[in-house]
There are 2 protein chains.
Amino acid sequence: MPKTAPPDPPSAPDGATAARRRYGGVAAEQRADERRTRLLDSAMTLFAAQGYARTPIEQLCADARVTARHFYELFDSREALLAALYDRIIDELNSEALSALQAAAPNPQALVTRVVGSVMRHYVGDARRARIGVLEVVGVSAAMEQRRRAAIHGVARLIEQHLNQRVRADELPPRNYRLISIAVVGGINELLAEWLTAPNPPQIDVLIDEIALMCQALLTGAAAFAGSTAAAAPPHSMP
Amino acid sequence: MPKTAPPDPPSAPDGATAARRRYGGVAAEQRADERRTRLLDSAMTLFAAQGYARTPIEQLCADARVTARHFYELFDSREALLAALYDRIIDELNSEALSALQAAAPNPQALVTRVVGSVMRHYVGDARRARIGVLEVVGVSAAMEQRRRAAIHGVARLIEQHLNQRVRADELPPRNYRLISIAVVGGINELLAEWLTAPNPPQIDVLIDEIALMCQALLTGAAAFAGSTAAAAPPHSMP
DNA sequence: GGTATTTGATAAGACGTCTTGTCGGAATTA
DNA sequence: TAATTCCGACAAGACGTCTTATCAAATACC
């Protein structure tokens, strides 16, 4: 029985591309957005609670009340979901840092303390955020590592730009501060990992004070090296 | 045909526990050691070249000329092999750091520069070592992360002990330097990751100078904070 | 020389997850 | 009301790896 190919529907209902219908009173796009939001929320909770590696798609879908098919319409893979979540986390972190950096401060020391405090408090404010951003995205894949390192670069660049401002204000010797900035971000990241995994971590304020003090010490020491060896070193590559 | 159970061999040839025979002129224990060494060497090369995640046991065995059965006699899993390799790497790193720290130096500044230089040069001397120790062990599993953090703690403890020596010599204000030490190790680690993944990294000496300078700045700054806020802070927990 | 052990190689089962496909039913538009 | 689209649930194939079992050949002991 030669069954002829089904006739092409008249209005090209590709499902994904065209002519999506309202359902339950909400537009197709909005429904997709809601699913996406639910998935991101579930991922935020489940990835933080039991780890990314131990959270199968099935569980994410169940928690978010989304079917597997819809999941794959929104994300190519579980890792893509993690990447989207991480991007959101890092975007918020950068916004927080930027606004804190631009706020007025009586003196440079106070600015450092304030920025460190507000950024850290924001990051740790939602425990899930820090846990995912610091611990869970680590080592997932080569692509994810690249993304993570790019995020570190982003934050480091904020620091570097601020240091360059201080150079222009003659508070610091002119120099390429790129690597130092990266090291600072790496150090803070390590301290956060420490804090997150410690059995009975101290108050977050202890950590914040420690970080702020470290930054101050670094700045004080750097200012003392005005005529040092590498002060006029050429700009580093390592992009 | 009821085949009776095979009689227990008289001398308890458990294979693993007792009475192993010589073969090819070498003792059983030595044969196992050689297999173990070959596996560790192959792991060092393959994990560094193509990554831990993309190196199946089969390939390790083929490269090391060891069969899967022997692999499982020596290691419980692929991760156990990575752990053994990592332990070896970290042990060597600590030895290097310890001997560099105990060497005589004309002044404290020179000591820092020398220690940083020799440790870094050792670590990067074999590119496979740094790549595995810095990049590949990351995020493999919860157990592996714990091991990695323990290794960071170990190196940080060396730094901390050295700083406490300087406190006793009145070169630094008394204080708990544990978290700062951890942050320094984290920062260096991040710089190494940066260096290892950069498309065209600079000479390693550039990185070493940068790290040494950072340590100097940190020390100078810390010394300037003799009467600071957290100077007499109680010892942190976070074990 | 005969028997037992070790070895190397292959094969096959197990495992957990991803990914896609199908189905009836619900909601919507015409 | 009829046709269409969307939803939720289930299931089955695919995939890659781990892990164990089997077997013949090489080697050592008696």
Side-chain angles (χ1 to χ4, degrees), chain A residues 6-36 38-39 43 46 50-82 140-141, chain B residues 6-36 38-39 43 46 50-82 140-141:
Chain A
D8 272 13
S11 56
D14 278 340
T17 55
R20 320 247 344 227
R21 184 192 269 177
R22 290 179 67 88
Y23 199 85
V26 297
E29 190 174 347
Q30 183 181 346
R31 285 188 325 254
D33 275 355
E34 290 172 356
R35 279 193 285 266
R36 186 185 160 85
R38 288 206 301 275
L39 277 174
L46 292 175
Q50 58 193 27
Y52 167 76
R54 276 170 299 294
T55 305
I57 292 180
E58 185 186 0
Q59 192 179 2
L60 287 164
C61 290
D63 189 79
R65 289 168 297 120
V66 167
T67 59
R69 185 158 44 90
H70 284 142
F71 178 94
Y72 285 103
E73 279 177 10
L74 292 167
F75 298 99
D76 283 344
S77 64
R78 195 165 52 110
E79 184 177 325
L81 170 58
L82 177 65
V140 167
S141 74
Chain B
D8 273 11
S11 58
D14 279 337
T17 56
R20 319 251 340 232
R21 184 190 272 175
R22 290 177 70 86
Y23 200 84
V26 296
E29 191 174 346
Q30 184 182 345
R31 286 185 327 250
D33 275 355
E34 289 172 357
R35 278 195 284 264
R36 187 185 159 85
R38 287 205 303 275
L39 277 173
L46 292 174
Q50 57 193 27
Y52 167 76
R54 276 169 300 293
T55 305
I57 290 180
E58 186 186 359
Q59 192 179 0
L60 288 163
C61 290
D63 189 80
R65 290 168 297 122
V66 167
T67 57
R69 183 158 46 90
H70 284 143
F71 179 95
Y72 284 105
E73 278 176 10
L74 291 168
F75 299 100
D76 283 344
S77 64
R78 195 166 50 111
E79 185 178 324
L81 170 58
L82 177 66
V140 167
S141 74

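Excluded from the calculations below are hydrogen atoms, water molecules and symmetry mates; all remaining heavy atoms, backbone and side chain alike, are included. Since the structure is predicted, the reported quantities are computational estimates derived from the model, not experimental observations. Each chain gets a letter, A, B and so on, in the order the sequences are listed, and its residues count up from 1.
Distances shown here put a side-chain N or O of R35(A) below 4.0 Å from the OP1 or OP2 atom of dC7(D).
Summarising the geometry, the separation between CG on L81(B) and P on dC18(D) is reported as 11 Å, rounded to the nearest angstrom. Protein atom CD of Q59(A) is 13 Å distant from nucleotide atom C1' of dT17(C), rounded to whole Å. Residue R54(A) contributes atom CZ, which lies 13 Å from atom P of dC18(C) at whole-angstrom precision. Whole-Å rounding puts the F71(A) CZ to dC6(D) C1' distance at 20 Å. In this structure, E29(B) places its CD atom 18 Å from C1' of dT5(C), rounding to the nearest Å. Atom-to-atom, CD of E58(A) to C1' of dC10(D) comes out at 11 Å; the value is rounded to the nearest Å. Summarising the geometry, the separation between CZ on R31(A) and P on dT28(C) is reported as 9 Å, rounded to the nearest angstrom. The distance from atom NE2 of H70(B) to atom C1' of dA21(D) is 15 Å, rounded to the nearest whole Å.
The backbone N or O of T55(B) sits less than 3.5 Å from a side-chain atom of R78(B), completing a donor-acceptor pair.
Along DNA chain C, the nucleotide nearest to A68(A) and the one nearest to R65(B) differ in position, and the one closer to the 5' end is contacted by R65(B). Remark on DNA chain D: of its neighbouring residues R69(B) and Y72(B), the 5'-side contact belongs to Y72(B), judged by nearest-heavy-atom nucleotide.
The CZ atom of F71(A) sits 4.0 Å away from atom CD1 of I57(A), with the distance rounded to the nearest 0.5 Å.
Considering only heavy atoms from C-beta on, P56(B) comes within 4.5 Å of Q59(B) through its side chain.
Of all the heavy atoms in A43(B) and L60(B), the pair that sits closest is CA-CD2, 3.7 Å.
Of the candidates dA9(C), dG8(D), dC18(C), the closest approach to any side-chain atom of P56(A) belongs to dC18(C).
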